[in-house]
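Per chain, numbering begins at 1; letters A, B, ... match sequence-line order.
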Amino acid sequence: MKRKVRWIAIGLFSLITGLTRAQENLIPEDSIGFRDFLILQNEIPGVSYRFQIKEKLISDRLLTDSLYLFSKTDSGFLSKLFSDFGQIRQIEMSLLNDSLQYKLHYLVFSEVSSVAATREYLSNRIQSGDLLVQFEDVAPSDDLVSLASYVPYLPMQRFKLRFISDYKLFIVTGVISFFLIIATSMIVAMIFMKAKINKVEKLRKDYDRLIIDPLTSLLFEKEKEEIELMKFDDIYQYFPEEMLAKPLYKDVLIDRIIGLNKKMKGDFKEKLKAIFKKLSLDKISLISLSSSEWDKVAMGLVQINEMDLVEALPKVKVHANSSNFHIRSQAVATLLNLSEKVDLTFLRDQTFPLSLWQQMNYLRIIRFVRHQKDLKLQILFDSKNPSIRIFGYKLVSVLGRVDLIEHLAARSGEVSDEEKIEILEVYSTLGAHMEVGFINDCLKSENAELSMAAAKAAGSIGDSVSADILVGLIAVETDFRRKHGFLKSLYDLDRDRFELATSTNPETETIEIRKHILDPMLQHV
Amino acid sequence: MYSFLFFLILEILGLIFLILSFSVILIYLILMILSALEMRDYLRKNRFADYGDIITSPIAPGVSILAPAYNEGQNIVQNAQSLLSLHYGKFEVILINDGSKDDTLEKLIHFFELEKTNYAYNPEIETKPVRGVYRSKNMSFRRLTVIDKENGGKADALNTGINIAELEILACIDVDCILSSDSISRMVRPFMEETNRKVIAVGGVIGIANNCDVQDGTVTTYRIPESLLGRFQVIEYFRAFLMGRMAWSRINGLMLISGAFGFFRKDLVRKVGGYFPKTVGEDMELIVRMRRYMEEQKIPHKVGFVPDPLCWTEVPESEEILSKQRNRWMRGTIETLQLHQVLRLNPKYGILGMISYPFWSIFEKSAPILESVGVLYTLVLLVTGDFSAVYFFALLVMMYLLSLLVSSFSVLYEQIAFNNYKDKKDLRKLIWMIIIEPFVIHPKIVLWGLQGHFDFIKGKGGWGSMIRTGFKKAEDKKNLTPQSTS
């Protein structure tokens, strides 16, 4: 119901607006047209006019003229009221001749009224039927035919395309067409892509089915040496020549061999590598290193890494400092994995910051190769790249390289706070009690993060000096979290000092932290 | 004079609607292209990601999963078990019982053999009082911490969890969400990968679990929901996640990551004062505040987005609940934009101020108002006789085609990238939904959005004058005097 009322209101509003508009259209809106309209009406009940001269002095002749009866006011001279608009031109003639600055004022019921207000009053009178509008007699004095001869002929209907003459419609149509073209092409492209992907997926499945049996036969029937000595004709019996000519088939073959290589061990791995080379798939990997598409290069690097293509290492090294994250990561991983002597200078010289993701991948490889290769981790400490240096410290800790603590100690005083935090972590993990002096120095640091890291290290390898410093810090610390950290370290370091510092302390905060630290349920957080 | 003004307004409105229509088309075309590029790059990058290492690597960051629960007694034990069984090395699960009136806490205590601890709770971010912190005697549940607190709403519960969290990354989730077992590894990757910018938060895709088969915490068979509203939300989620957020992620303009599944850097969340409990759009507000903080500190940063299907939730299929949800979303959007109005077209805030904020203001916040004014405008034109059928139908057809294009694009997108909905019947139903959505569902969405505006004006939910005035600095939230939750 409410909705109906709303719509009726909107309808009425629009109807009234439309009607008003029709009435008002009879009266011109501009001031000259409006004056001419009034002149045509002669006298209008309730509406009058007068002139105002804004000058300070006027001639005596004009001042005494009985036609105007000017009276002096603060804003100039005001004439008497006139009601016959038909006489305006005649009355103002004198004023024009004297070149005076004057203004014509309209009055509605003797009140000065603006053009708009006068117009509105008139339109109301017209609307109510109180005023019959007079129109100008436009009847020509000459006959219509002779008048028409002066007007050049123009067809009544211009048969021009509305589409072109209406620029708005032209723009709308243009935009719609553009949109339709783009939209259709995008949808078509997507459908095409989807169809292509489906087709490729299906082909991959088919090829995979074709590949798995001969590959398994080769692996189980032949020895590595036999595979290496196989001739192409023999190979074609397993993998048909026409199939080997298809790039997608080769792609599937590479994926399958690499997939199996990841899962298998020992001889099978060697055989797979021999097959990979025998089928010249290694050439595809090498070619992809020169591709302009980053994913192809990265994929080539993965293949080289997985299939131990040591001969490709010089080409791989070129990519070790690539601006592309993935290429760089794969190149470094390959170099770490395949280099006979892992010279970490290529890693030391990297200019790009090392992300945690890269660190994680490199760590996995370094953990794997550390038993076979001599890793000179200390090279990394000399890197100009802080993220590489920090990674080097992490490696010392994760690989348990106690022998490198000396190197760390030699530089620990000069490095940034961020590196000091990492070195503290190393000392703590490796139990480097001899470096307690450094820990105690860091405990006194104004850098909150560094002093917290030092406190953590002190908890496991601190001494009595560390305990003294911690007690001092606890006494002045106002931050809850830091206080908690310091108390926990003191608890780990020296239970007696912890008891002394907390058992008689009346502060609620300390009591709560003490309870927390002593709660066995919270020991494994 | 009056008539002149009336017709002038009509002319201006006509022009505005024309410009708006073209802007919508242009913007959506750009979004489609950007999202396609981003998805292509993501799928390419994914080929080189080995998630195996992350579970055991000492370098991978630890994750604190925060899951607020209110009256979840029915499923809380299964939900907690599912969270505890996620595949990741370093993580803890913090369940926050937000003053539930049912037996949520009792069930947790009983099943996980919990005991109240002497946890020294420090409300670094102001929250409602904590009644107790529980941990288990059983080492199998050593990752679990349960907080029992007075009711204060989702944001307040999450803030309590943030105060207690021990690890570097916060995963704020809805407790009833189904998470894929490798969800943490995948969501953590963007935090670990970036080198030149700090990743402050990462959002994920929320899948719709209605009518799907779930096994071991993963959706095994996808089926589209039975109801029209459910199907509409499938399309809508595709549009929002696979298209919208991927595109915004491409230009680093993301202003929202879903509150049901979002990962944040803990130190930064604490620095900006955690969630703002007095807005109903706390998830969006937090992201905007974090980004604003980073811009004010001039620290290069990024909000990441992972399009893999990793989290699923049941969406409302009843009109009543959906209308309330949309009303709340709209109020949340308005409140966030109000709180951070200093961003508006402010070049100091880069893409956030110059692109994301204006987009959200015009095309998200004001969309229902503009659409309603458009309808009224057409009716007025009809009454005054100035209605042009040619323009009207041209624009109508264009907007309808745009709707079809965007929706079909996002469905195709899903099919190319993930291909989860394999049944052709399901696809046919989705296409039918795309065709009827503009006439059947969209008007309701507009209406619910409008109701959100009215409710905001009436002052429902928000923090009245604070929201109207807005934060002068990103860190202002930390200095607010806590007020009681109404």
A:D479, part contacting chain B, at a heavy-atom distance under 4.5 Å: neither

Mark yes when over 12 heavy atoms from residues, nucleotides or ligands other than A:E449 sit less than 6.0 Å from its CD; otherwise mark no. no

In Å, rounded to the nearest 0.5 Å, how long is the span from CG of B:N122 to NE2 of A:H484? 10.0 Å

Working to the nearest 0.5 angstrom, can you tell me the gap between B:R135 CZ and A:M521 CE? 7.5 Å

Counting heavy-atom pairs closer than 4.5 Å to chain B, which one of A:S397, A:P353, A:S387 comes out on top? A:P353

With a 4.5 Å cut-off on heavy-atom pairs, point out which of B:L412, B:D41, B:D53 contacts chain A the most. B:D53

Tell me whether B:K422 at atom NZ has more than 12 heavy atoms from other residues, nucleotides or ligands lying less than 6.0 Å away. yes

Check each atom of A:R367 against the heavy atoms of chain B and say whether the ones under 4.5 Å are side chain, backbone, both or neither. side chain

Checking heavy atoms, do the side chain of B:R189, its backbone, both or neither come under 4.5 Å from chain A? both

Checking heavy atoms, do the side chain of B:Y134, its backbone, both or neither come under 4.5 Å from chain A? neither

Quick check on the interface: out of A:F352, A:W294, A:F391, A:F178, who has the most heavy-atom pairs with chain B under 4.5 Å? A:W294

What's the separation between atom CZ in B:F48 and atom CG in A:L301, rounded to the nearest 0.5 Å? 8.5 Å

Around atom CZ of A:F368, are there more than 12 heavy atoms of other residues, nucleotides or ligands at under 6.0 Å? no

Residue, of B:P58, B:A60, B:G385, that accumulates the most heavy atom pairs under 4.5 Å with chain A: B:P58

How far does CE of A:M193 sit from CD1 of B:I416, to the nearest 0.5 angstrom? 5.0 Å

Among B:K137, B:E194, B:M32, B:K45, the residue with the most heavy-atom pairs under 4.5 Å to chain A is B:K45

Can you say whether B:S136 sits under 4.5 Å from chain A via the side chain, the backbone, both, or neither, judging by heavy atoms? backbone

Would you call B:Y119 and A:D519 a side-chain contact if the rule is heavy atoms closer than 4.5 Å? no

Winner by heavy-atom pair count (cut-off under 4.5 Å) against chain B, out of A:L518, A:I517, A:L356: A:L356

B:F409, part contacting chain A, at a heavy-atom distance under 4.5 Å: both

Drop me the distance from A:H516's NE2 to B:N118's CG, to the nearest 0.5 angstrom. 9.0 Å

Between A:M299, A:Q358, A:E512, which residue shows the highest count of heavy-atom pairs closer than 4.5 Å to chain B? A:M299

Does any part of the side chain of A:W357, heavy atoms only, come nearer than 4.5 Å to the side chain of B:I59, both counted from C-beta? no

Highest number of heavy-atom pairs under 4.5 Å with chain A: which of B:I54, B:T56, B:I25, B:V406? B:I54

Checking B:L402 against chain A: side chain, backbone, both or neither under 4.5 Å from a heavy atom? both

Using a 4.5 angstrom heavy-atom cutoff, name the option from B:S408, B:S57, B:A49 with the most pairs to chain A. B:S57

For A:L354, is it the side chain, the backbone, both, or neither that has a heavy atom closer than 4.5 Å to a heavy atom of chain B? backbone

So do B:R44 and A:K296 actually touch side chain to side chain, heavy atoms under 4.5 Å? no

Heavy-atom cut-off 4.5 Å, strictly under: side chain, backbone, both or neither for A:K394 against chain B? side chain

Side chains of A:Q359 and B:M192: does their closest heavy-atom pair fall under 4.5 Å? no

Heavy-atom cut-off 4.5 Å, strictly under: side chain, backbone, both or neither for A:E293 against chain B? side chain

Whatever's closer than 4.5 Å to a heavy atom in chain B on A:E509 counts as neither

How many angstroms lie between CZ in A:F480 and CD in B:E124, if you round to the nearest 0.5 Å? 10.5 Å

